[in-house]
Amino acid sequence: QEYIPGGDDTVWMFNGYFDQRSACLVGFTGKKIRQYPVHRGATTLGICLENETVARTTRDFMKAVGYHGILDIGYRYDARDGQYKVLDVNPRIGATFRLFVAENGLDVVRALYLDVTGQPVPVGAAREGRTWLVEDFDLLSCVRYWREGELGLRAWMRSLRGIDEAAYFARDDLRPLLKMCVVDATEIVQRLYAKGRRWVAGAAPAPRMAVTPGPGGRSGHAPTSAVP
């Protein structure tokens, strides 16, 4: 598999739904702003932006293979030849599907439901500039980008202004956010505990070896208790 050079700003996403005739009933494009693991992972902060080349390429691709269903596909722009190269194809609901929402509230899940239940799928324009955040993983990615010198405090604060939707936080239902905090706090405690045990084990003095007479008067070695 060929490695395609480029930074995070060269990665584009398409999220859409194709009917039984492989016609795209709804489709969106966007970019990753941050991801975790950094430079190669899932979106932690994304933005919905129009890219007709990516959209047209994907529609033609799916029509050619006769695909129908929800699609989440990623591309990287290759500056060497000016083409968009496929990174991964996910024939399912993607983790970032709520980044892509039309002005009328339509997303790929709603489009799928309406289509399979025989209801018309309304045409809706994408919300250009819409942003979506995964709270805990984005915090981790920010730390890594900061360590690499790619993200400063002011840039980080600017990136969080006007977030349209978060993966866990919702004013009318805080339970997912609370659950996220509990799970993350538990994992942190478990990691600190495991690290502490390894440190204690490494700090303990090694057993001392004592010389003892072996069979026939030959010397042998046997461990004894450590002496402070």
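The model shown is predicted, which means the values in this text are computed figures rather than measured ones.
A pairwise comparison of heavy atoms in Cys24 and Phe18 identifies CB-CE2, 3.5 Å as the closest pair. Heavy-atom minimum distance, Lys63 versus Arg21: NZ-O, 2.8 Å. Residue Cys142 comes nearest to Trp156 through the heavy atom pair SG-CD1, 3.2 Å, listed as atom of the first residue, atom of the second, then distance. Of all heavy-atom pairs spanning Ala111 and Val26, the tightest one is CB-CG1, 3.5 Å. Phe97 and Val109 get closest at one heavy-atom pair: CE1-CG2, 3.5 Å. Looking at every heavy atom in both residues, Val54 comes nearest to Trp12 through CG2-CB, 4.1 Å.
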**OP:** Run the numbers on Leu25 and Asp115 for side chain to side chain contact (heavy atoms under 4.5 Å, CB included), then give the verdict.
**Re:** CA-CA 9 Å; Leu25 300 187; Asp115 187 44; 3.9 Å; yes
**OP:** Test Tyr75 against Thr58 for side-chain hydrogen bond (donor to acceptor under 3.5 Å, both in side chains), laying out the working first.
**Re:** CA-CA 10 Å; Tyr75 296 86; Thr58 306; 2.7 Å; yes
Subject >> Pair Lys31-Ile47, side chain to side chain contact (heavy atoms under 4.5 Å, CB included): steps then yes or no >> reply: CA-CA 6 Å; Lys31 295 183 71 173; Ile47 184 169; 4.3 Å; yes
Original post:
Yes or no on side chain to side chain contact (heavy atoms under 4.5 Å, CB included) for Met13 and Leu99, after CA distance, side-chain angles and deciding distance?
Top reply: CA-CA 11 Å; Met13 300 173 286; Leu99 166 63; 3.9 Å; yes
Original post:
Taking it one step at a time, do His39 and Glu148 satisfy side chain to side chain contact (heavy atoms under 4.5 Å, CB included)?
Top reply: CA-CA 11 Å; His39 310 307; Glu148 293 182 4; 2.7 Å; yes
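Salt-bridge check for Arg59 with Glu52: passed, with a basic side-chain N closer than 4.0 Å to an acidic carboxylate O. Residues Glu165 and Arg130 are paired through a salt bridge, judged by an N-O separation under 4.0 Å between the basic side chain and the carboxylate. Here Asp107 pairs with Arg110 in a salt bridge; the nearest charged N to carboxylate O distance falls below 4.0 Å. Glu2 has a carboxylate O that lies under 4.0 Å from a charged side-chain N of Arg80, or vice versa, which qualifies the two as a salt bridge. A salt bridge between Arg34 and Asp138 is present, with a side-chain N of the basic residue lying under 4.0 Å from a carboxylate O of the acidic one.
Side-chain atoms of Tyr145 and Asp8 include a donor-acceptor pair closer than 3.5 Å.
Using cut-offs of 30° and 60° for the angle between ring planes, the Phe28 and Phe100 rings count as parallel.
Shown here is Tyr84, whose OH atom has more than 12 heavy atoms of other residues, nucleotides or ligands within 6.0 Å. Heavy-atom neighbours of Phe169 CZ from other residues, nucleotides or ligands within 6.0 Å: above the threshold of 12. For Arg127, the CZ atom is densely surrounded, since the number of other residues' heavy atoms within 6.0 Å is greater than 12.
Side-chain atoms of Glu50 do not come within 3.5 Å of backbone N or O of Glu128 as any donor-acceptor pair. Side-chain atoms of Lys32 come within 3.5 Å of backbone N or O of Gly41 as a donor-acceptor pair. Ser22 places a side-chain N or O within donor-acceptor distance of the main-chain N or O of Tyr67, the cut-off being under 3.5 Å. Under a 3.5 Å cut-off, the side chain of Gln119 and the backbone N or O of Leu114 do not form any donor-acceptor pair. Remark: side-chain polar atoms of Thr96 are not paired, donor with acceptor, to backbone N or O of Thr43 under 3.5 angstrom.
Remark: Arg98 CZ to Asp164 CG distance equals 10.5 Å, nearest 0.5 Å.
For the side-chain contact (heavy atoms from CB on, under 4.5 Å) with Asp72, the qualifying choice from Asn90, Ile93, Val108 is Asn90, the only one to do so.
Within the 4.5 Å cutoff, side-chain heavy atoms of Glu187 are placed close to those of Arg191.
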